[in-house]
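To start, I am sharing the structure in question, which I have written as structure tokens.
Please read these numbers as outputs of a predicted model, since none were measured by experiment. Both ligands and their constituent atoms are indexed starting at 1 by order of listing.
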Amino acid sequence: MIVARLALGAAAAWAAYAWGAHLFAPGWVSRGPATQRRIALTFDDGPDPVWTERILDVLEREHARASFFLVGERAARAPDTVRRIAAAGHEIGSHGWSHRSLWLCGPRRTDDEIGRAQRYLSDAVGAPIRHFRPPWGMVNAAMFGALRRHDQRCVLWSIQPEGLRATPPARQVEHVLSHAHSGAIVDLHDAEGVPDAPDRLLVALPPMIAGLRRMGYELVTVGELLETEEARRVG
Ligand SMILES: [Zn+2]
């Protein structure tokens, strides 16, 4: 009985730490202001020496800029790709050091995941990293304090064309175009989380970009998308 009660107590504490943070904690954004016809494409899980390079080729051909939420330890293994992302004018954000879900991290590990990635990526880029995307969108109550200490903001998304299962390129394009809105943040992946996902994205990306532009959207980085709002918060 006591064991069952303790287990229940531990489960409730965990739920408050992980899920409660999701529901009640302030300080994260999933979209920019709706006042301007702007959309930010974002890529998680890289840099991948093969796939990220190919996505950068597409963005270069399309003259489009985007934001890359990099995994720290993967960035350390592909420094040339990190430099290329930054040199092309894309924004670099943090996706944690090891891509471990924050649901599995206590406060100390949470701070370590965020701080270590922030130090490495800021050094690599030569400017402080301002935006953090938690792996799988999983947050915990310790994350917000850690982000404040490291001067970062949690950025989720408002459109996600590919879930856990394979989605054909045409359906991804259709999903993004039919859900597009001013201030949207689109979540894409430039590494192989789902098998063959980057291959499908490479096919989907050009018509996705062309379609959004036809609808009058300007493609900007997350920093640019949130600029107006951040200026207002400071001012
Ligand atoms: Zn991820």
Does the ring centre of Trp136 sit less than 6.0 Å away from the ring centre of His99?
->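 Aromatic pair counts; centres sit under 6.0 Å.
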Mind checking what makes side-chain hydrogen bond (donor to acceptor under 3.5 Å, both in side chains) contact with His179, not counting sequence neighbours?
->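 With neighbours one apart ignored, the set is empty.
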Using side-chain hydrogen bond (donor to acceptor under 3.5 Å, both in side chains) as the criterion, list what pairs up with Ser182, not counting sequence neighbours.
->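 If we apply the side-chain hydrogen bond (donor to acceptor under 3.5 Å, both in side chains) test to Ser182, skipping adjacent residues, there are no hits.
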Do Arg149 and Asp111 meet the salt-bridge criterion of a basic N to acidic O distance under 4.0 Å?
->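 So Asp111 pairs with Arg149 through a salt bridge.
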Write out all pairs satisfying salt bridge (charged side-chain N to carboxylate O under 4.0 Å, His left out) with one or both partners inside residues 113-128, taking only residues at least two apart or from two chains.
->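 Output for this query lists Arg109-Glu113.
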Considering the options Thr81, Thr52, Thr42, which one meets the side-chain hydrogen bond (donor to acceptor under 3.5 Å, both in side chains) requirement together with Asp190?
->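 That would be Thr52; it is the only one of Thr81, Thr52, Thr42 passing the side-chain hydrogen bond (donor to acceptor under 3.5 Å, both in side chains) with Asp190.
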Return the set of protein N, O or S atoms whose distance to the Zn ion (ligand 1) is under 2.8 Å, each given as residue and atom.
->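 Asp45 OD1, His95 NE2, His99 NE2, with waters left out.
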